[in-house]
Structure formats: structure tokens, C-alpha cells
Amino acid sequence: MADAALVLDGSTLKLSGPITLNTAGPLTVQGRSLLAGLPLEATLDLSQVTRVDSAGVAMLVEFWRLREVAGARLEFVSIPAELQPLLQLYDLEAVFGTGSSG
């Protein structure tokens, strides 16, 4: 199993590896503590994510929700193409800043 990782680089969180049912739990715990220390404007870089399932989407939405509750912003960048169908399925394009909002 390839390792998934969440690393803080300035005001950017960098997520890598498979974000699936097997990895989302530990990453969520780690992410909660990292998110709390970020400035009001922060970024989550998904460029190194190799796979995402619905558990991974739930984790990403949780990160976004935690920032919203704190009155802060989390911008998702370099969203993998394979994530797009799930974002459409769950009507999350506006949250992730993809597609057209209407």
C-alpha cells in the first residue's frame, strides 16, 4: 500500500498518495491539528494525490467545513481530474472552486 501524507509548507497543506477509506481517518486527525494553525487564507494542494474515493471526498469537505466554521478560507488547488466526477456527483463544485457555479 502506497503511503498517503499531509505536509504543511507555509500556508499550504500538501496532500499526497491515495486518499481512500484506508487513509482518510488518520489524515483527518492529522489535518484537524494542522488546519488550526493556518492563517485565515490557506491552500490545500492536491497535485500529488494519486487516488480519491468517497471517504477522501468526505475528508476534504471536513477540512473545508472546519475552516469555514473558524471564519477562515481553504482554497483547493491542482484538483486531480479523477476527482471531478465525484465533485459533480455530490454537487461540490462550488466548495472546490471547479466548474461553473449557478
Side-chain angles (χ1 to χ4, degrees):
M1 174 172 85
D3 289 337
L6 185 60
V7 177
L8 181 59
D9 182 11
S11 64
T12 300
L13 285 174
K14 295 183 176 186
L15 194 54
S16 63
I19 312 307
T20 63
L21 182 60
N22 293 330
T23 61
L27 288 172
T28 299
V29 172
Q30 179 187 9
R32 285 181 182 143
S33 80
L34 291 173
L35 288 167
L38 290 175
L40 290 177
E41 298 283 329
T43 303
L44 181 57
D45 182 347
L46 303 173
S47 64
Q48 299 301 310
V49 170
T50 58
R51 183 167 173 249
V52 181
D53 67 10
S54 57
V57 172
M59 181 195 79
L60 296 173
V61 170
E62 173 71 0
F63 288 175
W64 174 83
R65 186 193 67 77
L66 288 168
R67 296 293 291 173
E68 288 289 308
V69 167
R73 184 167 180 266
L74 184 63
E75 179 185 3
F76 296 92
V77 297
S78 301
I79 297 170
E82 78 169 50
L83 182 52
Q84 296 297 333
L86 287 173
L87 298 181
Q88 291 171 352
L89 177 66
Y90 298 124
D91 196 22
L92 292 170
E93 296 98 334
V95 169
F96 284 78
T98 63
S100 59
S101 56

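- With values rounded to the nearest 0.5 angstrom, Leu74 atom CG is found 7.5 Å from Thr43 atom OG1.
- Put simply, the residue from Leu44, Leu46, Val7 that forms a side chain to side chain contact (heavy atoms under 4.5 Å, CB included) with Leu13 is Leu44.
- A donor-acceptor pair under 3.5 Å is absent between the side-chain atoms of Glu62 and the main chain of Thr28, judged by distance alone.
- Note that the CZ atom of Phe96 and the CD atom of Gln88 stand 12.5 Å from one another [nearest 0.5 Å].
- Here the shortest heavy-atom pairing between Leu40 and Gly71 reads CD2-O, 3.9 Å.
- One finds no salt bridge joining Arg65 and Glu68 here, because no Lys/Arg side-chain nitrogen approaches an Asp/Glu carboxylate oxygen to under 4.0 Å.
- Interatomic distance, CG of Leu60 versus CG of Leu92, reported as 9.5 Å (0.5 Å rounding).
- A heavy-atom distance below 4.5 Å is not found between the side chains of Ser47 and Val77.
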Next item on the list: Might you work through the side-chain contact (heavy atoms from CB on, under 4.5 Å) test for Arg32 and Leu35, ending with a clear yes or no?
Entry: CA-CA 5 Å; Arg32 285 181 182 143; Leu35 288 167; 5.6 Å; no
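- When the side chains of ILVMFWY residues are joined at heavy-atom separations under 4.5 Å, either directly or via intervening members, Val29 and Val61 end up in two distinct hydrophobic clusters.
- Using a 4.5 Å heavy-atom cutoff, the side chains of Phe76 and Leu87 are not in contact.
- Inspection of the Asn22 and Thr20 side chains reveals no N or O donor paired with an N or O acceptor under 3.5 Å.
- Applying the side-chain hydrogen bond (donor to acceptor under 3.5 Å, both in side chains) test to pairs two or more places apart or on separate chains, those with a residue in residues 70-82 are Glu41-Arg73.
- Contact record, Ser11 with Pro39: CB-CG, 3.5 Å, taken as the closest heavy-atom pair.
- Closest approach of Leu6 to Gln30, counting heavy atoms only: O-NE2, 2.8 Å.
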Determine all donor-acceptor pairs shorter than 3.5 Å in which one atom belongs to a side chain in residues 51-59; sequence neighbours excluded.
residue	atom	partner	partner atom	Å
Asp53	OD1	Leu21	N	3.4
Asp53	OD1	Ala55	N	3.0
Asp53	OD1	Gly56	N	3.1
Asp53	OD2	Leu21	N	3.0

